[in-house]
Amino acid sequence: MMRFYRAVWRLVERIPRGRVATYGQLAALLGHARAARAVGVAMRHCPPGVPWHRVVNARGGISVRGNVAAMVTQRIRLEQEGVTLRSGRVSLPRWRWRPTRGRRLRLAALDRL
DNA sequence: TCCGTGACACAAG
DNA sequence: CCTTGTGCCACGG
């Protein structure tokens, strides 16, 4: 159980420092283009160690709900990594993580867990 | 098996 | 820019 969530966490761990990915982007990379919401739920149950703060919504904004502390933490951590926010949003063209396809990102392998 | 729950995305107004 | 409304879907009860 929770196969999808675990695949999401593993993928999030691949996001480099100073870069961000969107919920929809991660879902698509996992081959579930329409499961962006599920990715959000996966983030809410993130096990320690997963760089959840590098995941933002399609507009580059912070989507954390009902948790002011986490919301602030995400902004602080992103800034510490050099990601700049303007009006609470990051420029996706500038900071979006673009994984190199091919041997490195093995979707089949990710899907298997 | 059915049903409610979201850290989504996108289109309208 | 903001606010709704709608479509989507993995998960757990």
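We name chains A, B, ... by the order of the sequence lines, and we start the count at 1 in each one.
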- prompt: Hey, what do you get for CG (A:L11) to CG (A:L30), rounding to the nearest 0.5 Å?
  reply: 5.0 Å
statement: Regarding the side chain of A:R65, the nearest nucleotide among B:dC8, C:dA10, C:dG12 is B:dC8
Ion pair A:R77/A:E81, N-O distance below 4.0 Å: no
message: Measuring only between side-chain heavy atoms, which start at C-beta, is A:P47 closer than 4.5 Å to A:R6?
response: no
message: Quick one, A:V56 and A:S63 - any side-chain contact, counting heavy atoms below 4.5 Å?
response: no
task: Write down the distance between CZ (A:R3) and P (C:dA10), rounded to a whole number of angstrom.
output: 11 Å
A:H32 side chain, from C-beta outward: closest of C:dC8, C:dG12, C:dA10: C:dA10
task: Report which part of the nucleic acid A:M1 touches: base, sugar-phosphate, or nothing (heavy-atom distance under 4.0 Å, all strands).
output: sugar-phosphate
- prompt: Nearest-Å distance, CZ (A:R89) to C1' (B:dC8)?
  reply: 15 Å
- line: Rounded to whole Å, CE of A:M43 lies from P of C:dC11 at a distance of 12 Å
- request: Could you check how far CZ of A:R6 sits from P of C:dC11, rounded to whole Å?
  value: 9 Å
Pairwise N/O distances under 3.5 Å, protein to nucleotides 9-13 of chain B:
| residue | atom | partner | partner atom | Å |
| --- | --- | --- | --- | --- |
| B:dA9 | OP1 | A:G24 | N | 3.0 |
| B:dA9 | OP2 | A:A58 | N | 2.7 |

task: Please work out whether the ring planes of A:H32 and A:F4 are parallel, tilted or perpendicular, with thresholds of 30° and 60°.
output: tilted
- prompt: Heavy-atom distance under 4.5 Å between the side chains of A:R17 and A:R54, does that happen here?
  reply: yes
- prompt: Once you round it to whole Å, what is the distance between C1' of B:dC8 and CZ of A:F4?
  reply: 11 Å
